[in-house]
Each structure stands twice: as structure tokens, then as C-alpha cells.
Amino acid sequence: MFDLTGKTALVTGSTQGIGFEIAKLLADRGAKVFVSGASSEKKCIDASAKIRNSVPVRADLRSDADIEQLYEKTGDVDILVLNASIQYKRHWDEYSTKELDDQLTCNLMSSYYLIKKYTDGMKKKKWGRIVTIGSVNQYNQHPTLSFYAITKAALFKMVQNIAGDLAPFGITVNNVAPGAIATPRNDDVLNNEELKKQVEQKIPCGYVGIPADVAPSVLFLCSDEARYVTGAEILVDGGLHL
């Protein structure tokens with residue numbers, strides 16, 4: 001089950017954290033994976049070195065030129081996992097214009113452009129898998145993640161609107177929404193035992209997840225076994241949204 005031999009995949013934001021675990025698992029199941037990050041070529045190369053059958057490709061998804069160059073480097077792919085995001089922690093009325101633009105462009109608009117760019121090749125093959133990575137903050141009200149949550153809620157609404165149009169071509173479009181996960185982005189909170197305890201008390205399962213908890217849901221949605229699942233969402237949050 002979940003054999004991706006012969007498939008190619010692009011995972012954005014995959015030099016660390018959730019994206020890295022997704023890229024690694026897809027590669028372990030046979031896919032050729034393009035490992036992409038924004039900050040440096042070296043981070044992409046270092047991450048790719050830890051993942052079998054992978055190719056590093058740097059791209060800042062806030063840049064139209066970088067998106068074009070990314071496609072030129074990868075060509076058409078069978079699987080597109082849109083994991084890259086930017087998150088600024090601010091009260092709702094404290095964001096700068098740049099911080100709003102960065103989150104909107106990276107978290108939402110780039111996903112729209114990448115889906116448009118890569119679906120033509122999927123249509124020709126009559127097979128494709130698109131998975132966006134959302135957030136439990138689509139459902140919860142976090143005091144310093146309001147605009148991040150807005151972009152993630154909009155991302156899932158885009159999934160729902162696009163999925164029906166692409167289904168006749170054998171392309172599925174789904175969303176995976178992680179909860180509190182131990183990634184570098186959350187180090188400040190999770191390295192503080194008191195703050196970590198406060199987070200865990202809100203999670204019915206009682207503990208913070210790890211990136212490897214998220215990756216299997218993405219693998220399922222990228223596989224033939226999930227051919228009849230589209231426009232859907234899998235929450236991987238230990239029940240935090242409840």
C-alpha cells in the first residue's frame with residue numbers, strides 16, 4: 001500500500017519540520033522528491049542529502065520570478081505538497097503592511113499560482129495529487145495568530161473550490177491541518193516547560209505532536225488508495241480543535 005514508485009513530488013518548505021518529514025516519507029515510498037526552501041541553497045542541499053532520491057531546489061514563493069524558475073527546474077510533477085508558510089505572531093491590530101503581505105503571498109497566493117502552474121501536466125497524465133498544509137488555527141482563535149489563521153482558512157476554502165473542477169482529470173485536492181507540533185517555529189514555547197504544559201492541557205490527547213505524526217496523512221492523500229478523497233481535510237491535532 002501507499003507505493004509512490006515512479007511518481008515525482010514537489011514539497012515546498014521541506015528543509016525542516018513538517019515539510020521535511022513529508023518529503024522524506026514520500027521518498028521512502030518511492031517518489032522522486034524536490035526539496036524546496038526559501039532561505040538558502042545550502043539549507044535545501046543539506047536537507048536533500050538526508051532524503052533518498054531527492055533534488056534540492058531553492059525558491060522564495062513570495063517572488064513570481066522564483067516560482068517560474070522553480071517550475072523550470074522541476075518540470076511537471078505528479079504530487080504537489082504546499083507546506084511553505086510564513087507566520088508572524090502579533091495582536092490583530094499590530095501587523096505591519098509587509099507582514100500582512102508576506103503571509104498572504106506565501107501562505108495563500110503562492111499556493112494558487114503553483115496549483116495553476118502544475119495542474120496542466122497532471123491533466124495530461126490524468127493523475128495528480130495536491131495537498132495543502134493548513135492549521136488548527138483555522139478553527140481556534142489564537143491571540144497572536146489571527147492573520148495566519150485567516151490565510152489558512154482561506155487556503156482550505158480554495159481547496160474546496162478547486163477540487164470539483166480538477167476531479168474529472170484524476171486530480172485530487174485536499175488539506176491536512178496540523179495542531180501543536182514540535183517544530184523549530186514553536187521552539188520558544190515548547191522549550192519553556194510552563195508554557196508547554198499550558199499547551200498540552202488544551203489538547204485532548206495530552207501531548208504535543210511531532211512532524212512524523214503529520215506526514216502519514218499526507219502520504220495517504222498522495223496515494224492511489226486515496227483516489228476517492230477530494231475537497232476534504234484531515235485534522236492532525238490530537239483533538240485540539242475540539
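FYI, the numbering just counts along the sequence from 1. Small disclaimer: the values here were computed from a predicted structure and weren't measured.
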Steps toward salt bridge (charged side-chain N to carboxylate O under 4.0 Å, His left out) verdict (K98, D102): CA-CA 6 Å; K98 183 181 184 302; D102 282 350; 2.7 Å; yes
N/O donor-acceptor pair under 3.5 Å between N175 side chain and F156 backbone: no
With Q138, the side-chain hydrogen bond (donor to acceptor under 3.5 Å, both in side chains) member among H241, E233, K152, K157: E233
Candidates V176, L219, I133 - the one meeting side chain to side chain contact (heavy atoms under 4.5 Å, CB included) with I22: I133
Step-by-step side-chain contact (heavy atoms from CB on, under 4.5 Å) determination, D28 to R52: CA-CA 7 Å; D28 287 344; R52 59 184 295 184; 3.4 Å; yes
With the side chain counted from C-beta on, respond yes when [X] and [Y] share a heavy-atom pair under 4.5 Å apart, and no when they do not.
X	Y	answer
F147	R90	no
K24	V33	no
L10	S36	yes
R129	R227	yes
D78	K125	yes
L242	Y139	no

Donor-acceptor side-chain pairing of S54 and S48 below 3.5 angstrom: yes
Which atom pair, heavy atoms only, marks the closest approach of [X] to [Y]?
X	Y	answer
L221	V229	CD2-CG1, 3.9 Å
L190	A182	CD1-CA, 3.5 Å
T119	K116	OG1-O, 3.4 Å
F34	K73	CE2-O, 4.2 Å

Transitive ILVMFWY side-chain link L25 to M1, under 4.5 Å: yes
hydrophobic_cluster_shared for L4 and I51, side chain cutoff 4.5 Å: yes
Over 12 foreign heavy atoms within 6.0 Å of NZ, K202: no
Enclosure of K32 NZ (heavy-atom neighbours >12, cutoff 6.0 Å): no
C222/V131 under side-chain contact (heavy atoms from CB on, under 4.5 Å): CA gap, chis, key distance, verdict: CA-CA 7 Å; C222 291; V131 180; 3.9 Å; yes
